Amino acid sequence: MTDTLNLGPVRVRYAPSPTGDPHVGNLRTALLNWVFARHAGGQFIVRIEDTDRERMVDGAEERILEALDWLGLDWDEGPGKGGPFAPYVQSERKALDKYGDAARQLIANGHAYECTCTPERLEQLRQRQRAEKKPTGYDGYCRNKSADELAGEKAQGLASVVRFKVPLEGEVVFNDFLRGPLTFDPSLLQDFVILKSDGYPTYHLAHIVDDHEMQITHVLRSEEWISSTPRHVMMYEGFGWEPPEFVHLSILLGPDRSKLSKRHGDTALLEFRDKGFLPGTMFNFLSLLGWSAGDDEEVMTREQVIEKFSLDGLNAAPSIFDITKLEWMNGVYLRQLGVDALAELLLPELEADDGLPASISRPLDKVFVTELVPLIHERLKVIDRTEVSEMLSYFFEEEIELDPAEVVQKGMDEATTASALESAAARLESAEPFEAESLEQQFRTLCEELELKPRQLFGALRVSLTARRVAPPLFDTMVAIGRDRSVDRVRRAAGLLSGTGARA
RNA sequence: GCCCCGUUGGUGCAGCGGCCUAGCACGCCAGCCUUUCAAGCUGGAGAUCACGGGUUCGAAUCCCGUACGGGGUACCA
């Protein structure tokens, strides 16, 4: 391993392909690049690799930039920002004929050639190779075609691609920062396409041309690129360029240990945002997959991650994306949030159509919502609209729907519960001051008077007031609900149990 | 099939030849706190460091093999 500290200027890039919503694994690569750049005081560049015109997805580029933005990964050069090597979108660079020029350069110096084989012939070739149980790959049919022959075919309208001329023997060695020197046998590689018949470059050509021109020093990319890196190294040699340092990052796995993908459910980063995860959580959590500062710290700010970052802390083994731990961490971040900030986040969720019941009129009173925050603050893992609304609905409703059976606590029956609740209602009516601490004292006294355990009386009251067995601390709840509604609810519960109350 | 990479408790990581009777975190279990649930605190279960051979006075750490997992094998990235 080389030292990561005395590297000189660092220029790294995140080069996504706008073929869909960016998922967490993808953004983790971006994040590691970004952190590395920030740690080294270098530049982080974003480049859009839209050379696959077929798989382009509308809006994908915007979503990618939105995701970067949300995570707080700002770029020094790239879309919307420009920079000394603009444009940073490959289709725009293609229009400048950068890749055509490069391909011609390789043809001229004997490292590439034009090929007029049709997709049909290639498909047949592959089938035959498979049938004969031989490795599939281009057979070099056009490799030694004369210029005349080629010109003739093209005159007939045959489309052509440009293929890289892979050496038939020797070996290709390159150093992977995390794995050490990796050796490949080029005879196993095929003459791969570098320029497609639609004039667009393949990834192989495009990223090399751009990385070189943009003076990228380190390529931190996903492990699945290891197999094609020998191709890239050969191309650097063909061009006579110095290759960057390669750091292949381990990939992210789903719970079934296969590469994380949409099949594993919600893996798009922005979906985590929509599901109520905080950007700080995602940043922190993603930074921990396959990387460690070497100490046991896990909850870290961006600044701490940047400061502690080192390529040496990267782990070559793939890691499983564990949602349970993510949820825990989000809880940690949620608890760090101030009351007002959390209220701000909660408000739109509660007001949403699928938030609180439609019977509750909007807009909600922000001051009231802020008052409720402390009651659920440490009980939240994720800001889930449904869950949060469910947790808080009884604070907003005039009447709640009660199951009388739930009110009766262990060791009590309907009659004792009803009379206890009557006493409690009376106490509530006269309690002064109507504050949590004092209420608790008064109701503990009431417990003694009624010869009930706190859990019995308080339990009955909790259900009466909230229609739930699980709820925030009782006396804070009473205060938030208010004296009048509290008295009403307790009376009504008592009535239901003694059979005299009308079922609402 | 072929090529490449990886393998520390269920999960994420630490460990870089002796400090390891393998540490931290999530999860799980129990206790404490307590009006429920959380949060918090304390404790516990859980790993023959995938397996087999070497190298070495000494290996989770180095080497080889096997198994398993993953990735690649496109006019996709």
Side-chain angles (χ1 to χ4, degrees), chain A residues 1 15-19 49-52 54-55 115 117-119 122-123 126 129-130 133-138 159-163 176 178-179 182-185 188-190 192-198 200-204 206-207 221-230 248 250-251 253 255 257-259 285 288-299 312-313 315-329 331-332 335 376-381 391 409 440 443-444 447 453-463 466 468-475 477:
Chain A
M1 288 201 194
S17 199
T19 52
E49 309 219 324
D50 56 347
T51 55
D52 186 342
E54 314 244 302
R55 293 203 307 153
C115 166
C117 291
T118 61
L122 296 176
E123 186 46 39
R126 250 192 301 273
Q129 287 165 332
R130 261 195 281 269
K133 294 205 190 283
K134 286 187 185 155
T136 54
Y138 184 61
S160 72
V161 301
V162 177
R163 289 182 182 273
D176 178 89
L178 296 178
R179 290 160 253 260
L182 264 25
T183 307
F184 290 78
D185 178 355
L188 265 15
L189 268 24
Q190 45 202 285
F192 54 94
V193 173
I194 58 175
L195 201 66
K196 304 184 255 189
S197 57
D198 64 0
Y200 277 86
T202 60
Y203 169 81
H204 300 126
H207 93 277
R221 87 232 287 192
S222 170
E223 182 185 9
E224 63 224 30
W225 292 107
I226 290 179
S227 317
S228 23
T229 305
H248 288 101
S250 60
I251 54 168
L253 267 27
R257 297 205 150 267
S258 69
K259 184 175 157 186
F285 188 74
L288 253 24
L289 294 177
W291 176 76
S292 143
D295 52 26
D296 287 327
E297 296 303 320
E298 293 202 309
V299 178
D312 297 304
N315 183 171
S319 30
I320 292 175
F321 189 83
D322 180 9
I323 304 234
T324 311
K325 185 155 180 175
L326 210 214
E327 286 177 347
W328 160 77
M329 189 174 275
V332 173
R335 268 170 254 132
I376 59 164
H377 202 156
E378 60 198 18
R379 277 156 260 262
L380 291 176
K381 276 187 160 42
M391 283 173 105
Q409 302 295 301
E440 177 167 356
F443 278 88
R444 285 196 185 279
C447 284
K453 294 198 149 90
R455 64 189 316 133
Q456 292 177 309
L457 209 220
F458 295 178
L461 281 169
R462 173 174 305 105
V463 178
T466 69
R468 288 158 180 72
R469 292 184 136 159
V470 173
L474 226 209
F475 303 101
T477 301

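All of these numbers come straight from a predicted model, not from anything done at the bench. Chain naming here is simple, since letters A, B, ... match the order of the sequence lines and numbering starts at 1 in each.
- Close to B/rU8, at under 4.0 Å from its OP1 or OP2, lies no side-chain N or O of A/Asn315.
- If you take CG of A/Leu474 and C1' of B/rA38, they are 15 Å apart, rounded to a whole angstrom.
- When both distances must be under 3.5 Å, the Watson-Crick or G-U wobble mate of B/rG12 is B/rC24.
- Spacing between B/rG27 and B/rG69 at atom P, rounded to whole Å, works out to 30 Å.
- Contact annotation for A/Phe184: backbone-only contact, meaning every heavy-atom pair under 4.0 Å involves sugar-phosphate atoms and none involves a base.
- Side-chain nitrogen and oxygen atoms of A/Thr202 include none within less than 4.0 Å of the OP1 or OP2 phosphate oxygen of B/rA74.
- Considering only heavy atoms from C-beta on, A/Leu474 comes within 4.5 Å of A/Leu461 through its side chain.
- At distances below 3.5 Å, not a single donor-acceptor pair connects side-chain atoms of A/Ser17 with backbone N or O atoms of A/Thr19.
- Inter-residue side-chain proximity for A/Tyr203 and A/Ser228 is flagged as unmet; no heavy-atom pair is nearer than 4.5 Å.
- At the heavy-atom level, A/Glu49 lies under 4.0 Å from the strands shown only through sugar-phosphate atoms.
- When ring centroids are compared, A/Phe285 and A/Trp328 stay outside the 6.0 Å threshold.
- Taking 4.0 angstrom as the limit, A/Arg163 places a side-chain polar atom (N or O) nearer than this to OP1 or OP2 of B/rC75.
- With a cut-off of 3.5 Å on both pairing distances, the Watson-Crick or G-U wobble partner of B/rA50 is B/rU66.
- A perpendicular orientation is assigned to the rings of A/Phe192 and A/His204, their planes being inclined by more than 60° (bins at 30° and 60°).
- Two residues, A/Arg257 and A/Phe321, neighbour RNA chain B, and the one matched to the more 5' nucleotide by heavy-atom proximity is A/Phe321.
- In this structure, B/rC41 and B/rG31 make a Watson-Crick or G-U wobble pair, each of the two defining distances being under 3.5 angstrom.
- Each of A/Val470 and A/Ala159 has a nearest nucleotide on RNA chain B; the 5'-most of these lies closest to A/Val470.
- Set against B/rC5, B/rA25, B/rG6, the side chain of A/Ala316 has B/rG6 as its closest nucleotide.
- Pair assignment for B/rG1 gives B/rU73, based on Watson-Crick or G-U wobble hydrogen-bonding distances that are each under 3.5 Å.
- Residue A/Lys381 places no side-chain N or O under 4.0 Å from the OP1 or OP2 atom of B/rA38.
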